[in-house]
Engineer: 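Have a look at the structure that comes next, please.
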Amino acid sequence: MNLSFNKSILKSTPASLIINLLWLYLCYEVCRLAFLFENWDLYSTTLTWQSFRHISIGGLKFDTSAIFYTNGLYILLLLLPFHRKEVKWYRELTKWVYVTVNSICIIINLCDTVFFPFRMQRSSIATIQEFQGEGNLMTIFFEEFFSHWYFVLLAALMIWFLIRCYRYPAPPQKPLWRYYVSQSVTLLIMVPITIFGIRGNTFFSATRPISVGYAQRFASQPIETGIVLNTTFSLIRTIGEVPMRTPEYFSDQSELDAIYSPLHTPADSITPRKKNVVILIVESFAQEFVGALNKNLDGGTYKGYTPFADSLLTQSLSFEQTFDNTGFSIDAPPAVFASIPRMDRPFVVSPHSLNHINSLATELKNLGYYSEFFHGADNESLGFHAFTKGAGFDAYSGQDEFYADPRFGGKSQFDGTWGVWDEPFLQFFCAKISEMPQPFLASVFTLSSHHPFALPEQYRDTFPDEGLHKLHKCIRYTDHSLRRFFESASKQPWYNNTIFVLTADHASSKRTHDEYKTELGGCRIPILFFDPSGEMPRGQRQGIAQQIDIMPTLLNYLGYDRPYIAFGKDLLNTPTDQTWAVNWNRFPMYIKGDYVLFFDGNETTAMYNYRQDPLLKNNLKGTRPQEQTDMELHLKAFIQSYMQRMNSDNVRISATH
């Protein structure tokens, strides 16, 4: 009786589905081993069995996503609760949908194994577009077909394996109501499992679905993402993500470089400073909220919501006009750490996300710096863990590490939505900094000033509700949390030898003043540099600053002695009239001097004097020819240089020189 029961379970539709899906996991892992075998010369000096095991475990996320993406139709055909589908032709149709689709995936992965050394990345939709119109592709294909005959054999063996080992479900047994119940329940269970598999994380998670760039989470260097990923996933997840073509505004490279170049070279005379660096990125910390940056607002009566930030500004270096280069939170780490702005889309989900890049972490590592990034949310939230690892950070501490530390309240400090409240997490951040070897680069990304704009119970009656939006009360709480952080940090031995940078990930959409409701006003954020020792200059300077200026400003101030790529400028050594900012949240916007220029990729659409016309009502296009021409040239050079380097993976000196 029991034996018969067990056999019926093994022949059931759910069991057949599970077994057939397991065969696919086996095939994907064989393809991964084949990839490694074919490209062993690229990995032989760095890869160990332990690291390969870690990569393979991480690769399961991408294999799972690819398998569920491509087998959705097969799963539906198999599980439809309709007993008359259990006829021979339907069962054969279901089998051959499974075999055909997965055979194509196997062939694609093995073909890309051969192609990988030419681009050092898994193929994407951009790769296909790149070779459109090439007349010699079939010649190349047949040459590689015969020279890699062993992959042809391997593909044939795996396809034969899928055909031979395919598990048919047993025909339905009477009474039929059991069949309908079983099929319906299995289908209902498989819907969230399929969504989970495609996303690469839980269905109810607040994190984004995994992208190609997320592979850096499991790789110690960019080239290892080729082992983590599979080509099926890479192609599917880059549909619609074809990179912008490099514009040809300038045909002469020397002319382009003369107008704008992101190459930074050390000065003839530098002053090395082994100062620690702490960067605080505050969620939605718009300039509008900072009273000290809005002294003329509301007729001079405006106080803002950040008394601590106001006091810190009096002791810091800041600039008259400061802007973000972002649109969303995921844009902030590339902008702040790697001087990479958001352009036509976020960098971390763009086709360039696996490019070799410079960052503060990679460059300061050359000077012996240890680096760590902190974020109080789920450890996989927003892909920060993956990006910072790819950007060279030595470690990452998130919600998991906070909960594991008994000193700060553990899970009782969870805000119910995103992660750990700012105050306890910033205290955790301070304590962990004190355990780091010096010199160090440490950065934290806060989260409490985010929808749904909640506060810890003990502070709900502490901060006044005079703001026009619930976010304002959260900003007060975050400002208080920053005060508490600096109080704790000031007692540590590393404090006086540290440069602190305070900025936002982006401005806020919750704007209450007309000056901040314009396209330009919506990009204004605070950026300040605070050196407790007083060695770095203090006070507000004339000029324009942006997030992508943070990396070159810090590296040059610390006396970095190597060339590097950064799309921003050194704020301390750039003449005021040569400072500028760019933002491409919806369309290219360029700020220089007294003017802001809007561009559609071909020509200027509008130009305003934002000092005299803060509400941007008087379009000056065509009335300031000298300024407009100068701004257009520089913006075009910036866009062309950026796309040229990104499309050719030429964004890191050590990787290309």
Side-chain angles (χ1 to χ4, degrees), residues 273-285 308-309 312-313 316-319 322 324-326 329-341 357-365 367 369-376 382 384-385 387-389 391-398 422 425-426 428-430 432-434 436 438-447 449 478 481-482 485-486 488-489 492 494-495 497-506 525-532 536 545-558 560 566 568 570-572:
R273 299 179 177 92
K274 280 276 181 124
K275 286 182 172 288
N276 307 307
V277 176
V278 171
I279 300 177
L280 301 107
I281 304 173
V282 184
E283 172 69 43
S284 301
F285 203 58
F308 173 71
L312 192 63
L313 268 164
S316 303
L317 170 67
S318 62
F319 294 83
T322 51
D324 64 30
N325 305 104
T326 58
S329 294
I330 58 172
D331 299 317
V336 172
F337 303 135
S339 192
I340 295 175
I357 61 173
N358 294 123
S359 74
L360 279 169
T362 60
E363 304 314 295
L364 290 178
K365 195 184 299 289
L367 300 181
Y369 278 67
Y370 170 83
S371 57
E372 188 164 354
F373 179 79
F374 294 75
H375 186 217
L382 300 174
F384 287 164
H385 196 167
F387 173 78
T388 53
K389 185 172 184 181
F393 277 77
D394 293 309
Y396 179 100
S397 285
D422 283 352
F425 195 78
L426 286 172
F428 167 73
F429 176 54
C430 183
K432 296 297 288 185
I433 290 176
S434 298
M436 293 179 186
Q438 298 189 56
F440 56 73
L441 162 66
S443 181
V444 65
F445 198 123
T446 70
L447 54 73
S449 46
T478 295
S481 301
L482 291 170
F485 165 77
F486 275 93
S488 298
Q492 306 305 316
W494 46 265
Y495 179 73
N497 191 43
T498 301
I499 296 174
F500 296 86
V501 180
L502 177 65
T503 188
D505 57 340
H506 53 73
I525 60 169
I527 300 175
L528 59 91
F529 300 83
F530 170 57
D531 180 355
M536 177 178 270
Q546 57 191 330
Q547 288 165 313
I548 60 173
D549 298 337
I550 292 172
M551 173 182 165
T553 300
L554 287 173
L555 286 179
N556 292 354
Y557 181 73
L558 294 172
Y560 191 62
D570 174 8
L571 291 167
L572 294 174

Engineer: Decide side chain to side chain contact (heavy atoms under 4.5 Å, CB included) for Phe393 and Leu441; before the verdict, give the C-alpha distance in whole Å, the side-chain angles of both, and the deciding distance to 0.1 Å.
Structural biologist: CA-CA 9 Å; Phe393 277 77; Leu441 162 66; 4.0 Å; yes
Engineer: Could you pull out the closest heavy-atom pair between Ala395 and Tyr370, with the gap in Å?
Structural biologist: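 Heavy atoms of Ala395 and Tyr370 come nearest at CB-OH, 3.3 Å.
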Engineer: Does a side-chain heavy-atom distance below 4.5 Å link Ile357 with Phe337?
Structural biologist: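 A side-chain contact is absent here, since even the closest heavy-atom pair is not under 4.5 Å.
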Engineer: Taking Asp422's backbone N and O only, do any of them form a donor-acceptor pair with Thr446's side chain (distance below 3.5 Å, no angle check)?
Structural biologist: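 Between the backbone of Asp422 and the side chain of Thr446 there is no qualifying donor-acceptor contact (under 3.5 Å).
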Engineer: Compare every heavy atom of Gln492 with every heavy atom of Ser434, then report the nearest pair and how far apart it is.
Structural biologist: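 Closest approach of Ser434 to Gln492, heavy atoms only: OG-OE1, 3.1 Å.
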Engineer: Donor-acceptor check, side chain of Thr362 to backbone of Ser359, threshold 3.5 angstrom: yes or no?
Structural biologist: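 A pair under 3.5 Å: yes.
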Engineer: Taking Ile279's backbone N and O only, do any of them form a donor-acceptor pair with Ser443's side chain (distance below 3.5 Å, no angle check)?
Structural biologist: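 Between the backbone of Ile279 and the side chain of Ser443 there is a qualifying donor-acceptor contact (under 3.5 Å).
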Engineer: So, for Phe387 and Phe384, is the gap between ring centers shorter than 6.0 Å?
Structural biologist: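 Phe387 vs Phe384: aromatic centres not under 6.0 Å.
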Engineer: If you round to the nearest 0.5 Å, how far is CZ of Phe428 from CD1 of Ile433?
Structural biologist: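 If I round to the nearest 0.5 Å, the distance is 10.5 Å.
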Engineer: With rounding to the nearest 0.5 Å, note down the distance linking CG in Leu502 to CD1 in Ile525.
Structural biologist: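 Between atom CG of Leu502 and atom CD1 of Ile525 there are 9.5 Å.
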Engineer: Within a strict 4.5 Å, meaning less than it, do heavy atoms of the His375 and Tyr396 side chains meet?
Structural biologist: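 Yes, at least one pair of side-chain atoms sits under 4.5 Å.
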Engineer: Is it the case that the side chain of Gln546 and the backbone of Asn325 share a donor-acceptor pair, with hydrogens and angles ignored and the cut-off at 3.5 Å?
Structural biologist: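 Here the side-chain-to-backbone pair does not exist.
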Engineer: Could you tell me which non-hydrogen atom of Phe445 sits nearest to which non-hydrogen atom of Ala332, and how far apart they are?
Structural biologist: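 Reported closest heavy-atom pair: CE1-CB, 4.1 Å.
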Engineer: Report the distance from atom CG of Leu571 to atom OG of Ser318, rounding to the nearest 0.5 Å.
Structural biologist: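 Separation between the atoms: 11.0 Å.
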Engineer: Judged by atom type as modelled, is there a donor-acceptor pair below 3.5 Å linking the side chain of Asn276 to the main-chain atoms of Phe440?
Structural biologist: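 Flag set: sc Asn276 to bb Phe440 pair under 3.5 Å.
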Engineer: At their closest point, which heavy atom of Glu372 faces which heavy atom of Ser397, and how far apart are they?
Structural biologist: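 Reported closest heavy-atom pair: OE2-OG, 2.6 Å.
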Engineer: Does the side chain to side chain contact (heavy atoms under 4.5 Å, CB included) test come out yes or no for Val336 and Val501, once each step is laid out?
Structural biologist: CA-CA 10 Å; Val336 172; Val501 180; over 6 Å; no
Engineer: Spell out, as yes or no, whether a donor-acceptor pair under 3.5 Å connects the side chain of Lys274 to the backbone of Leu367.
Structural biologist: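 Indeed, once roles are kept as given, a pair shorter than 3.5 Å links the two residues.
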Engineer: Could you grab the distance from atom CZ of Phe530 to atom CE of Met536, nearest 0.5 Å is fine?
Structural biologist: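 With rounding to 0.5 Å, CZ (Phe530) is 11.5 Å from CE (Met536).
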Engineer: The test is side chain to side chain contact (heavy atoms under 4.5 Å, CB included); show your working for Leu426 and Val444 and say whether it passes.
Structural biologist: CA-CA 8 Å; Leu426 286 172; Val444 65; 3.8 Å; yes
Engineer: To the nearest 0.5 Å, how far apart are OH in Tyr557 and CZ in Arg273?
Structural biologist: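 With rounding to 0.5 Å, OH (Tyr557) is 4.0 Å from CZ (Arg273).
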Engineer: Using 30° and 60° as the class boundaries, would you call the ring planes of Phe486 and Phe500 parallel, tilted or perpendicular?
Structural biologist: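 Rings of Phe486 and Phe500: tilted, as their planes differ by 30° to 60°.
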Engineer: Sub-3.5 Å donor-acceptor pair from the side chain of Gln547 to the main-chain atoms of Asp505, do we have one?
Structural biologist: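 Confirmed, Gln547 side chain pairs with Asp505 backbone.
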Engineer: Taking Asp394 for its side chain and Ser371 for its backbone only, find out whether a donor-acceptor pair lies under 3.5 Å.
Structural biologist: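 Judged by distance alone, yes, a pair lies under 3.5 Å.
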Engineer: When you look at Asp324 and Asp331, which way does the side chain to side chain contact (heavy atoms under 4.5 Å, CB included) test go after all the steps?
Structural biologist: CA-CA 10 Å; Asp324 64 30; Asp331 299 317; over 6 Å; no
Engineer: Taking side chain as C-beta onward, heavy atoms only, is Ile550 less than 4.5 Å from Ile527?
Structural biologist: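 Contact flag for Ile550/Ile527 side chains = yes.
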Engineer: Is a side-chain N or O of Tyr369 found less than 3.5 angstrom from the main chain of Lys275, in a donor-acceptor match?
Structural biologist: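 Judged by distance alone, yes, a pair lies under 3.5 Å.
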Engineer: From Phe374 CZ over to Cys430 SG, what is the distance, rounded to the nearest 0.5 angstrom?
Structural biologist: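 Here the rounded value is 10.5 Å.
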Engineer: Does Glu283 offer a backbone N or O that forms a donor-acceptor pair with the side chain of Ser449 under 3.5 Å?
Structural biologist: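 It does hold such a pair.
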